[in-house]
Amino acid sequence: MKAVVDNKIPFIRTAIESLVDDVAYLPGREISHEDVRDADVLLIRTRTRCGRELLEGSKVRFVGTATVGFDHIDTDYLEAEGITWTNCPGCNAASVAQYVRNSLLLWQRDSGESLARQTVGIIGVGNVGKAVGKALAPLCKAILLNDPPRMEAEGGEAFSSLRTLCERCDIITIHTPLVTSGRYPTQHLVDEGFLRSLKRQPLLLNTSRGGVVDNEALLEALERGLLRQAIIDTWENEPHPLPALLERVYIGTPHIAGYSADGKANATRMTLEALCHWLGREMTFSICPPSLPATFRLPADPTEQALALYNPMTDSLRLKARPDEFEQLRESYPLRRETLD
């Protein structure tokens, strides 16, 4: 049995080589039809477009993406062809929550605005949105939740309309998938009309998908003062963010909010668990992130403790200094832990 594996999936080599006889490690963007023609298993990330063009006529029967999102996979095609596929919902929820919380701690310190006086709106309350809400609840005045599919399924008591968020929120953070059709599309959910409807000049965060926010409209809103500031991790036209927008935002990072070593280990473990299930094999190995250096010490102050573990401004300064290295900054991302454990 042969597997083709994105060579940037972390902590995977020893484990996958215990399951599959022949493994080819390739850059995700460069995986081609010829590469997968005689493969049985394909393990990827978001940089590999996976559909008919890649897989037709190949032996591939299992596709795993070590990511939460799967809009890079033509799931209709895979299912029609009887190809099993899997993703990793929730694997990096705590990592994104760490990014959002720590970005807001920095903003509080730099702006002089107290988070305790801010009402936060969370758009999209799946695994990530729930983790963000849990992280922010002790810090903020109130949290409003917006999730139309969940509101339809569960009733409206726990949820607020998008209009309510635009009227009442001082901070709005987005955690939806990119959906281009159906009853609840999210592509350009934040557009010119949305931004003009804002009443409280909020701080806007996007760590979901770049296409959920119209980046040209966002830049105009910042220049017109409709927003206090923006914190952006995901961009339209990645890996080429709009230069003027990157320069303008408070924090701008190269799609790494979910890139903690803990989140990466979770994704690799979940992918291999699904592969073991498909193979009918027992998972006899563990996937653990590396420890921080033994010399690492946490300061006493709780805010400084959080920022010592991870300071998003460091990633922002790197990207703003070298915007042409968006992909390289992702691929060579340094060790980041959510905890000392």
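Since we're looking at a predicted model, the values are computed, not measured.
- Under 4.0 Å is where a charged nitrogen must lie from a carboxylate oxygen, and between Arg47 and Glu327 at least one such pair does.
- With hydrogens and angles disregarded, a donor-acceptor distance shorter than 3.5 Å links the side chain of Asn206 to the backbone of Arg209.
- Environment of CD in Glu53: sparse, with no more than 12 heavy atoms of neighbouring residues, nucleotides or ligands closer than 6.0 Å.
- Between His72 and Thr67, the closest side-chain pair of non-hydrogen atoms falls below 4.5 Å.
- Using modelled atom types, one side-chain atom of Asn215 and one backbone atom of Glu236 make a donor-acceptor pair closer than 3.5 Å.
- Residue pairs meeting the ring-ring contact (aromatic ring centres under 6.0 Å, His included) criterion with at least one partner in residues 153-209, sequence neighbours excluded, are absent.
- A donor-acceptor pair under 3.5 Å is absent between the side-chain atoms of Thr253 and the main chain of Ser316, judged by distance alone.
- Under a cutoff of 6.0 Å and an axis angle of 45°, Arg52 and Tyr77 do not form a cation-pi pair.
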message = Determine whether Leu19 and Leu272 satisfy the following criterion, side chain to side chain contact (heavy atoms under 4.5 Å, CB included), listing intermediate values before the conclusion.
response = CA-CA 9 Å; Leu19 296 171; Leu272 292 174; 4.3 Å; yes
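- The backbone N or O of Gly225 sits less than 3.5 Å from a side-chain atom of Gln201, completing a donor-acceptor pair.
- In this structure, CD1 in Ile73 is found 10.5 Å from CD in Glu79, a value given to the nearest 0.5 Å.
- With no hydrogens or angles considered, a side-chain donor-acceptor pair links Asp315 and Tyr333 at under 3.5 Å.
- Taking hydrophobic clusters as Ile, Leu, Val, Met, Phe, Trp and Tyr residues chained together by side-chain heavy-atom distances below 4.5 Å, Leu205 does not share a cluster with Leu195.
- Leu227 and Val190 fall within the same hydrophobic cluster, defined by Ile, Leu, Val, Met, Phe, Trp and Tyr side-chain heavy atoms under 4.5 Å apart, directly or through other members.
- In terms of heavy-atom proximity, Leu335 sits nearest to Ala261 at CD1-CB, 3.6 Å.
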ask   = Would Phe62 and Trp85 satisfy ring-ring contact (aromatic ring centres under 6.0 Å, His included), going step by step from the backbone distance to the final call?
value = CA-CA 6 Å; Phe62 180 93; Trp85 69 273; over 10 Å; no
key: side chain to side chain contact (heavy atoms under 4.5 Å, CB included) assessment of Leu55 paired with Val63   = CA-CA 10 Å; Leu55 298 181; Val63 174; 4.2 Å; yes
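- When the side chains of ILVMFWY residues are joined at heavy-atom separations under 4.5 Å, either directly or via intervening members, Leu139 and Ile122 end up in a single hydrophobic cluster.
- Taking the charged nitrogens against the carboxylate oxygens, Arg200 and Asp170 do have a contact shorter than 4.0 Å, which makes a salt bridge.
- Contact between Gly124 and Thr176 at its shortest, heavy atoms only, is CA-CG2, 3.8 Å.
- Under the 4.5 Å side-chain criterion, counting only non-hydrogen atoms from C-beta, Arg29 is in contact with Pro239.
- Panel note: side chain Trp107, backbone Gly112; no donor-acceptor pair is recorded below 3.5 Å.
- Rounding to the nearest 0.5 Å places CD1 of Ile256 at 11.0 Å from CG of Asn92.
- For the pair Glu238 and Arg330, the salt-bridge criterion is not met [side-chain N within less than 4.0 Å of a carboxylate O].
- Heavy atoms from other residues, nucleotides or ligands lying under 6.0 Å from CZ of Arg228 number more than 12.
- Between Val249 and Leu222, the closest side-chain pair of non-hydrogen atoms falls below 4.5 Å.
- Closest of all the heavy-atom pairs between Trp235 and Gly252 is CZ2-CA, 3.7 Å.
- Both Phe326 and Leu218 belong to a single network of hydrophobic side chains, linked directly or stepwise wherever heavy atoms of I, L, V, M, F, W or Y lie under 4.5 Å apart.
- Annotation: the span from Asp147 atom CG to Lys130 atom NZ amounts to 9.5 Å, rounded to 0.5 Å.
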Intermediate values then yes/no, side chain to side chain contact (heavy atoms under 4.5 Å, CB included), Trp278 and Arg61 = CA-CA 10 Å; Trp278 181 75; Arg61 308 317 300 162; 3.5 Å; yes
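- Note that CD of Gln98 is 9.5 Å distant from CG of Leu307, once rounded to the nearest 0.5 Å.
- Atoms CD and OG, on Glu81 and Ser58 in that order, are 9.0 Å from each other to the nearest 0.5 Å.
- Judged by distance alone, with hydrogens and angles left aside, the side-chain atoms of Asp233 form no donor-acceptor pair with the main-chain N or O of Thr207 at under 3.5 Å.
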task = Under the side chain to side chain contact (heavy atoms under 4.5 Å, CB included) rule, what do Gln187 and Val212 come out as? Steps first, then yes or no, please.
result = CA-CA 5 Å; Gln187 187 169 35; Val212 175; over 6 Å; no
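- Electrostatic pairing of Glu325 and Arg318 does not count as a salt bridge here, judged by no charged N lying under 4.0 Å from a carboxylate O.
- Judged by distance alone, with hydrogens and angles left aside, the side-chain atoms of Asn237 form no donor-acceptor pair with the main-chain N or O of His240 at under 3.5 Å.
- Remark: the backbone N or O of Leu189 is not paired with any side-chain donor or acceptor of Thr186 at under 3.5 angstrom.
- Checked for salt-bridge contact, Arg337 and Asp262 meet the test: a charged N lies under 4.0 Å from a carboxylate O.
- For Asn146 (side chain) and Ser160 (main-chain N/O), a donor-acceptor pair under 3.5 Å exists by modelled atom type.
- For the pair Arg163 and Glu167, the salt-bridge criterion is met [side-chain N within less than 4.0 Å of a carboxylate O].
- Using a 4.5 Å cut-off on side-chain heavy atoms (C-beta onward), Pro89 and Asn87 make contact.
- Ala131 and Ala94 make their closest contact through CB-N, 4.5 Å (heavy atoms, listed as atom of the first residue, atom of the second, distance).
- When side chains are defined from C-beta on, Leu42 counts as touching Ile31, because their heavy atoms get closer than 4.5 Å.
- Using a distance-only test at 3.5 Å, with no hydrogens or angles considered, a donor-acceptor pair links the side chain of Ser95 to the main chain of Ser260.
- The minimum heavy-atom distance between Ile44 and Cys50, with the atom names listed, is CD1-CB, 4.0 Å.
- No side-chain heavy atom of Val23 sits under 4.5 Å from any side-chain heavy atom of Lys2.
- For His33, the NE2 atom counts as densely surrounded, since its 6.0 Å shell holds more than 12 non-hydrogen atoms of other residues, nucleotides or ligands.
- Within the 4.5 Å cutoff, the side chain of Thr65 has no heavy atoms near those of the Cys88 side chain.
- Side-chain contact between Asp6 and Leu43 is absent, with no heavy-atom pair separated by less than 4.5 Å.
- At a threshold of 4.5 Å between side-chain heavy atoms, the hydrophobic network of Ile, Leu, Val, Met, Phe, Trp and Tyr places Ile231 and Ile123 in two separate groups.
- No salt bridge links Glu113 with Arg117; every basic N to acidic carboxylate O contact stays at or beyond 4.0 Å.
- For the pair Arg336 and Tyr259, the cation-pi criterion (under 6.0 Å, within 45° of the ring axis) is not fulfilled.
- Atom CD1 of Ile143 and atom CD of Gln118 lie 12.0 Å apart (nearest 0.5 Å).
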task = Any chance you could lay out the side-chain hydrogen bond (donor to acceptor under 3.5 Å, both in side chains) test for Thr271 and Thr268, step after step, and finish with the verdict?
result = CA-CA 5 Å; Thr271 302; Thr268 299; over 6 Å; no
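- Shown here for Ser103 and Tyr250, the closest heavy-atom pair between the two residues is O-CE2, 4.2 Å.
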